[in-house]
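Have a look at the structure below before the remarks.
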Amino acid sequence: MKLNEHARFSTICIHAGQEPDPATGAIITPIYQTSTYVQEGLGQHKGYEYGRTQNPTRMTLERNVAAIEGGTAAFAFASGMAAIDAILTRLEAGDHVLVSDNTYGGTFRLFEKVRRKFGLDFSYVDTSNLDLIGPAITPKTKYLFIETPTNPMLSVTDLPAASAIAHERGVRVVVDNTFASPYLQRPLALGADLVVHSTTKFLNGHSDSVGGIVILKHDDDVEWMRFVQNAAGAILGPMDSWLILRGTKTLTVRMEKTNENGLALAQFLDAHPKVKKTIYPGLPSHPHHALAARQMRGFGGLISFDLGSLEAARTLLGRVRLMALAESLGGVETLISHPAMMTHGSVPPERRAALGITDGLVRVSVGIEDIDDLKEDLAQALDAVKG
Ligand code: P1T
């Protein structure tokens, strides 16, 4: 069970950070469902004092994901949003964050409706257009916050190039790697300084836990995040930590199948006469196809497609049988959603229109079911859509 320093990705996913349980030899890290630890004497303990500060299940997950992303350390939080918010606590009133214009709606909502009133400033550019990044950096900019691929337009940002622009101006690069997963893309190796995940998605992979994690490269960030995880206290619980640890063991095989199904379903949609436009980085028609092929190991499981009207989208979403109409993504089961009314409902309509999040846009998170069953389901639902 000892990992050597050149262990490969799937081996790291299964083993990194994990030792047999010291008390019993259990191969799987137990769920340490405890709020506190008995101390042998005043000031004498085994390194565990209180459940918010230390928990062996959570700390095992943190070591595991730090190794998977190639970071110095990781810290797990109660949700993806809590993880993103923890990153913002490093900043001070007056600081500025430059953000990819098409982030998850909840990220936009946190920035605009919660953190702006504490004096942080945010502005948004299409970070896939490198020319727009430099001019948008101000002397107050502390972070370049990139989502790639974006939710739900699947726009891809060149991470090495964007990071070089930011670093030249002393700005740290944060990447929300939720849509890609570390199997497809490892931002720290591509120049980023901080990585964040909603573990709710591909890392856990089974739609049965909500969580978030931050992976860091620099020691000063590690020190702050360790402090703030305890001081602000939005920690991930032991049960969720255990579920995600189980999830990362199968990340490689799930992502291989996700890539395969994603490409096949995107090609099916692209060729279908009722579909006006299919957006998937694996299609040669995608504007960032070549970049995605270079930067990512496969194109993932998210596909967006436009049916031209709300009525057509409503018909399709009412007709699918195997695919579940639901928010979220990255589970083994295929989910289908309507970004304008669901995940991006908190984004103002004129902003949605500018980003291309039309009322006819549908998003699929492709699971690992048999591809023919998925195609059949979409085919019968598309039959009901008026041409
Ligand atoms: O839901 P939570 O675990 O808090 O994660 C938030 C989040 C952060 N970043 C990205 C890129 C996300 O997609 C999300 C959550 N997204 C959805 C729930 C969704 O259906 O798109």
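Excluded from the calculations below are hydrogen atoms, water molecules and symmetry mates; all remaining heavy atoms, backbone and side chain alike, are included. Whatever order the structure lists them in is the order used to number ligands and atoms, beginning at 1.
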- Query: Are any of the N/O atoms in T343 less than 3.5 Å from those in ligand 1?
  - Reply: no
- What part of L329 sits under 4.0 Å from ligand 1 if we count only heavy atoms: the side chain, the backbone, both or neither? side chain
- Do you know which of K142, K140, R90 makes salt bridge (Lys or Arg N to Asp or Glu O under 4.0 Å) with D95? K142
- Message: So is G106 touching ligand 1 or not, going by heavy atoms under 4.0 Å?
- Response: no
- Query: Within 45° of the axis and under 6.0 Å from the centre of the six-membered ring of Y124, does NZ or CZ of R351 qualify?
  - Reply: yes
- Task: Could you check atom 13 (O) of ligand 1 against the protein and tell me its nearest heavy-atom contact, residue, atom and distance included?
- Result: N151 ND2, 3.1 Å
- Message: Is there a polar contact, in the sense of an N or O pair closer than 3.5 Å, between E147 and ligand 1?
- Response: no
- For ligand 1, is there an N or O atom under 3.5 Å from any N or O atom of V210? no
- salt bridge (charged side-chain N to carboxylate O under 4.0 Å, His left out) pairs touching residues 152-175, sequence neighbours excluded, are D158-R294, R172-D220, R172-D221
- With a 4.0 Å cut-off on heavy atoms, does G211 reach ligand 1? yes
- Indicate the ring-plane relationship of F122 and F111, choosing parallel, tilted or perpendicular according to the 30° and 60° boundaries. parallel
- Query: Nearest to atom 7 (C) of ligand 1, what protein heavy atom do you find, and at what distance?
  - Reply: Y104 CD2, 3.4 Å
- Message: For the NZ atom of K375 and the CD atom of E369, what is their distance to the nearest 0.5 Å?
- Response: 14.0 Å
- Task: Identify, for atom 11 (C) of ligand 1, the protein heavy atom at the shortest distance, and state residue, atom and that distance.
- Result: D176 OD2, 3.3 Å
- Query: Can you check whether N151 reaches H344 side chain to side chain, under 4.5 Å on heavy atoms?
  - Reply: yes
- Item | contact_flag R363 ligand 1 heavy-atom lt 4.0 Å | yes
- Looking at residues at least two apart in the chain, or sitting in another chain, which of them share a ring-ring contact (aromatic ring centres under 6.0 Å, His included) with F179? none
- Please identify which atoms of ligand 1 are closer than 4.0 Å to at least one heavy atom of F179. 13 (O)
- Message: With heavy-atom distances below 4.5 Å as the criterion, would you say the side chains of T252 and E256 are in contact?
- Response: yes
- Heavy-atom proximity to atom 16 (N) of ligand 1, best of H344, K201, E327: K201
